[in-house]
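Fair warning: this is a prediction, and the values are worked out from it, not measured in the lab.
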Amino acid sequence: MAEAADFPGMTPSPARRWLRRTGALLAGAPLLAGLLQLPAATAHAAAPAGVKEASDGGTVAVAVDSLSPSAPSDGDTLTVSGTVTNNGKQAVTAAHVDLRVGDALATRSAIDRAAKRADALADDGVPVDGKYAAKFARLTPGVAQHFSISVPVDKLDLGKDGVYPLGVSLSGRTSAQQWDQVLGVQRTFLPWQGDEADTRTPTTVLWPLMSTVHMTAETRSNAQQTPVFLNEDLAKEIAPGGRLDQMLTLGKALDVTWVIDPDLLASVDAMTGSYRIRGDDDTTTAGTQQAAAKRWLDELQDAVTGKEVVALPFADPDLASLAHNGTGVAGSLSQLKEATDVAATTVETVLHVTPSTDFAWPVEGAVDPSIVKVATSAGADKVIARSDSLAETGDLSYTPSAARPIGGGTTAVVADSRLSRMFEGDLTRASASTLAVQEFLAQSLELNLQTDKQRSIVVAPQRMPTASQARALAEAVTQLQGGTWSQPQQLAAAAKAKPDPAASTKVPSRSSYPASLRKRELPRSAFEEIADTQDKLDNFKVILANEARVVTPFGRATNREMSTSWRGRSGAASAFRQSVRTYLDTLTGQVKLIDKSETKLSGRSATIPVTVQNNLVQGVGHLVLRLTSTNQTRLEISGEPYAEQPITVSGGHTTTVKFSTSAKVNGQTTVIAQLYTEDGQEYGAPVTFDVKVTEITATVMLVIGGGVLLLVLAGFRMYTQRKRAAAREAEEADEDGPDEGDGPAGDPQKPAGPQDRHSEESGASAGADDPEQPSDESPDTEAESADPSGTGERVDR
């Protein structure tokens, strides 16, 4: 009865165990009677004090490093190995490690309570036969000593099928307490299924294969678009012995459902070719792990062939953050839809298998109505929840099947929280791992024994288990699948299993969402930043000749900005979002207007050149360049306040376009050049410059004045020459005399009269004095250099 009180929910022990323990007590009676020849009252008072002191001091630590087999059957020999360490200040003598088997635990809650007192000192009954013990003459303080005990299972006196608490205790003496006493204990569980169970429980184990964000939005400008990685962390994870390498090695030996983030596949696949690693100083170095990446992908392809593969949306978006903080930001749900659409294509391309994409998996399986709504908005109709979120509200005495219809054609696949959370925490020590494996098997067997009704159970562990956690989980699954009470099942089959009509289908309210999870969510400001980046990307892609070179890497980077892996890393998440935006700004800035200095117009009409530069490797188009005069009274462009011309520029080139202008009065006018997309959105920064209008400049006046002077001098010379020639002709005529019949009017040799000479000279003079008019057509200016214009740039007629 005392043992039953120590272990709530225990069933009565078998008769033969009672007889054996009674015999042990009788055998020890003479020793107790003669103990130090003290009076009975003194002896009874001393023993409890010694036990209490040992308990308070934690004198000896007992660690169970291995227990094999984990779930024994008839004919097996149980081997328990571990270490004992004397943490006290006094040596322990006559020490021995014993095995103690308690009464079977009747419920899963009883297992929980026993696990909480795994190392509490208490009377767990008499040890198994004394010859199955490890003995030490002396335990020196601070020194760990190994032990190993092997005992046939039939010597453990196990009764009916069930879960038995197994205590491994260290007893001994100290100089202060010269009697045998328990100085340390470690309890674990021994699942016992003598024969194969009448009903096996179909159990689905999710094997998550995902990582943090590793790729940036940046790609090199070569034809292959060489990707740039944040660091070498992914290379370390897939290298032999790395976390993801161990996940792959362990998982391929199990019958599990692979749950994969397509971003991980895309990242490793990118590493199989040329890639770069960004350094702290913003430089990049060449990656060298192509062989490791190819090996890992080849092994993964083999591992998943013929297995069930579930693809989460690309980069595993944080559904709860999106539901609570992102739905009010335009475009956020569209990002989730794009991440879902690209998931299947990525998995099929890299692994050559067709995945299921109709499952959504919120963080830790915590759900509320808003999360379910967001999760199903992109096409999923099954939500992986957990039983500590979608909990039972009735009085069911057993764990129901995982599938629960929650309305709207959506099925909640509820993972068992006890089994799913068993491998959290630090499992680097062998003892911690062994205890987790044994408790997992105990809970699974107890669940199967609850009822003869067959149920489908799902185990959904943490998304990114450590290597030690993964090893412990793999060991537990290996033992489970080799046991006699469970059988593997695919996730799709568990979702289609007939729901238990008595199981709860009520999704908890939004206020019930755990505060510990809510404080780690992405804030609304994160989704606003993502939306701003997307708007800028949408404005940029319309001008590109090959938009896929930009849209694809930036689209995937935007998905990564919403990743669940940012939880608890708000600083790193913000830095990543900023890096994406900065790189996009760098690209958009490669298409720009060349700055102009002050421009001078000589005359009332001229052309103004404006140069557009494209430093991208691809051509751009669908752009319009608008030139606007801020003072159309002083300067008009093409007869209007502004003029527009379409722009197309090849990659790595510049182009110059010219605008006709008309000046009405002299003076200075500010002109604004601005690029626009064809739909009227401003693109890039404007270029503002001043135009100074002068109808006739001093230089032009000098040129014209000089020309007029030359014409006058030429006319005067012609007049003088003609006058001299006429004088010579007159002298010759006086010498010869006039002929008869000849008159002044009809003589062909008669020199021209004064009127005639005046007419000729006037004609010549008029032609020479007629200057070129400002309105005459002027030649086009030369193409402007791509370099910034110098001070006082002049645009002449």
Problem - Closest contact, heavy atoms only, Val168 versus Leu99 - result: CG2-CD2, 3.9 Å
Handout entry: Closest non-hydrogen atom pair between Trp258 and Leu300, with its separation
Key = CZ3-CD1, 4.1 Å
Fill in the blank from the handout: To the nearest 0.5 Å, atom CZ of Phe136 lies from atom NE2 of His96 at 11.0 Å
Practice task
Grab the two heavy atoms, one from Ala197 and one from Asn448, that are nearest each other, plus how far apart they are.
Solution key: CB-ND2, 3.8 Å
Practice task
Check whether the side chains of Ser468 and Thr466 place a donor and an acceptor atom closer than 3.5 Å, and report yes or no.
Solution key: yes
Handout entry: Atom pair CD/OG1 of Gln181 and Thr59 - distance to nearest 0.5 Å
Key = 7.5 Å
Practice task
Using only heavy-atom distances, determine whether the side chains of Gln438 and Ser70 contain a donor-acceptor pair under 3.5 Å.
Solution key: yes
Handout entry: Pairing of Arg243 and Asp233 as salt bridge, 4.0 angstrom limit
Key = no
Exercise for the section: Kindly indicate whether the side chain of Glu446, heavy atoms from C-beta on, has any atom under 4.5 Å from the side chain of Phe189. Expected result: no
Practice task
May I ask you to say whether Asp416 pairs ionically with Arg108, meaning some side-chain N is under 4.0 Å from a carboxylate O?
Solution key: yes
Practice task
May I ask you to decide whether Arg295 forms a salt bridge with Glu299, counting only side-chain N to carboxylate O separations under 4.0 Å?
Solution key: yes
Problem - Within the 6.0 Å centroid threshold, strictly below: Phe440 and Phe423 - result: yes
Exercise for the section: Count the heavy atoms of every other residue, nucleotide or ligand shown that sit under 6.0 Å from CZ of Arg429, and state whether that count exceeds 12. Expected result: no
Exercise for the section: Mind listing the closest non-hydrogen atom pair of Leu78 and Pro69 along with its distance? Expected result: CD1-O, 3.6 Å
Practice task
Work out which heavy atom in Ala115 is nearest to a heavy atom in Glu439; give both atom names and the distance.
Solution key: CB-OE2, 3.6 Å
Practice task
Determine the minimum heavy-atom distance between Leu441 and Gln479, stating which atoms define it.
Solution key: CD1-CB, 3.8 Å
Exercise for the section: Scan side-chain atoms only and decide if Ser456 and Gln489 contain a donor-acceptor pair under the 3.5 Å cut-off. Expected result: yes
Practice task
Compute whether any side-chain donor of one residue and acceptor of the other, for Gln186 and Ser431, lie under 3.5 angstrom apart.
Solution key: no
Practice task
Assess the side chains of Lys453 and Tyr398: does a donor N or O sit below 3.5 Å from an acceptor N or O?
Solution key: yes
Handout entry: Identified salt bridge (charged side-chain N to carboxylate O under 4.0 Å, His left out) counterpart of Asp318 within the set Arg567, Arg518, Arg569, Arg463
Key = Arg567
Problem - Ser417 versus Ser387, side-chain donor and acceptor atoms under 3.5 Å - result: yes
